[in-house]
Amino acid sequence: MSSPVETTAQNLAADVRSGARSARAVLEEHLVVIESREDEVHAFNLVLADEARASADAVDARVANGEDPGPLAGVPVALKDNLCTRGVPTTCSSRILEGWRPPYDATVVERLVAAGAVVVGKTNLDEFAMGSSTENSAFGATHNPLDLTKVPGGSSGGSAAAVAAGFAPLALGSDTGGSIRQPAALCGVVGVKPTYGAVSRYGLVAFASSLDQIGPFSRTVADSALVLEVIGGHDRRDSTSIHEPAPDLRSVLDRGVEGLRIGIIEELSGDGLEGIAGDVRARLHEAAAALEAAGATVATTSVPSTVYGLSAYYVVAPAEASSNLARYDGVRFGLRVDAPTSGDMHAATRTAGFGDEVKRRIMLGTYALSAGYYDAYYGKSQKVRTLLADDFARAYEEFDLLLSPTAPTTAFPIGEKTADPMTMYLNDVCTIPSNLAGHPSMSVPFGVGDDGMPIGVQVLAPATGEPTMFRAAAVLEASAPPGHPAVGGSVTGPTGGATA
Ligand code: GLN
């Protein structure tokens, strides 16, 4: 029997395009899974069952007419609730956006729908994407579907959980400091942060504009490749969008890693860094061995300034956020708390509308940008950013790709880190450097930890290096040890998990 959790987007789309299965039937199967587990997982802020039925029927009508609905024909997809959807609430899991309905679709949403995808719902996130566990949502935490007592990671935890639970084979998230890759690792799915500018940010509610990128979650490497081909490429509505078409990624997936030079980042691989768990380190080294066995040259290398990434990020990201979030003033969007003067109204609205973590970031960012502190904090962090780019450039003279853990540990218990923001921030130590450099990186599931929960390995590449990155990811997927039984270690690999 094949349940929704075992099918890939590629196979579903092929079936729908050929008329072997209807998009409606595919959707109904997924809605049954959502119905059975959403109450305990809480992946969604909003399930769009009726809208999804209408779009699935439209896809089927096109197939019946002899048309081709596109490469994602009838594939259910879940969208992080910070992606604008026309006429459909987009909350960023914040009270401050309650009731707001965007008047337009994000570019990525337009492109998915144009490729035949069926949007099934908007997923939960840490408020305004600030967090690493999806516990900072104004609408309650998302639970890891593989162990409901654990977090799914964050901030795109709802999207990661939706894919891991079989609610949809695909989801989109956003990644500013790790928000796609870290939850992907904790939920045992693939997650990709593309090169800055590779995917249009038009219609993504801004957190830190110089770091934000949209990317896919999927159960297989090939499915993420397909999504990037669909959503990537130039968009004139995003001024930072790269003036190139999306690279063809699926055609390189079977090229292997023969002759590639791959460096394990010493500073992030655990031996030098406190807090990287033993089981995570073990899987990383097994992943490196698998790449070596497949013909790559693997060596450990130093990228010294990666250790300053976290500190620089927690100045740059809050600084940009404090400016981006200034627009939520009770006038144009969502919530308004009435008060005698406009100043009082702004203050009352923002006090009631933002949660603690968002307020903390706004205060940190405002402080870092204020006269007298600007050079010491923001200016210095920008210098670290340059240093990091230089260090990466040096490393990529010697190596085609770099490797590190995605997250320091497997999924942690709900509530464990909420009292201490610093411990929570440490989750992003391995993922942040790529955001600061603008480089692509992705998390590939690679076995489980001592607790049986998934572990992800991060593959890093220089800007626009996605094709090479995906080649290594495909090799890792094929050689991964068995994963968590609910998601498998790999769907296509010879040793792939309990997917049978
Ligand atoms: N966890 C990081 C933060 O809280 C990254 C978030 C993200 O990538 N959106 O800022």
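For reference, positions follow the sequence shown, starting with 1. In each ligand, atom 1 is the first atom listed, and ligand 1 is the first ligand listed.
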K.L.:
Tell me if the centroids of the rings in Y313 and Y425 come within less than 6.0 Å of each other.
P.N.:
no
K.L.:
Under a 4.0 Å heavy-atom cut-off, what residues line ligand 1?
P.N.:
A129, M130, G131, S132, S155, D175, T176, G177, G178, S179, F207, Y313, Y314, R361, D428
K.L.:
Between F207 and F128, is the ring centre distance below 6.0 Å?
P.N.:
no
K.L.:
May I ask you to decide if T91's main-chain N or O and E98's side chain share a donor-acceptor pair within less than 3.5 Å?
P.N.:
no
K.L.:
Any heavy-atom pair between the side chains of V47 and V120 that's under 4.5 Å?
P.N.:
no
K.L.:
Kindly indicate, with the supporting measurements, whether the criterion side-chain hydrogen bond (donor to acceptor under 3.5 Å, both in side chains) is fulfilled by S210 and E320.
P.N.:
CA-CA 8 Å; S210 77; E320 294 187 23; 2.5 Å; yes
K.L.:
Give every residue pair that meets the side-chain hydrogen bond (donor to acceptor under 3.5 Å, both in side chains) criterion with at least one member in residues 461-471, sequence neighbours excluded.
P.N.:
T195-E466
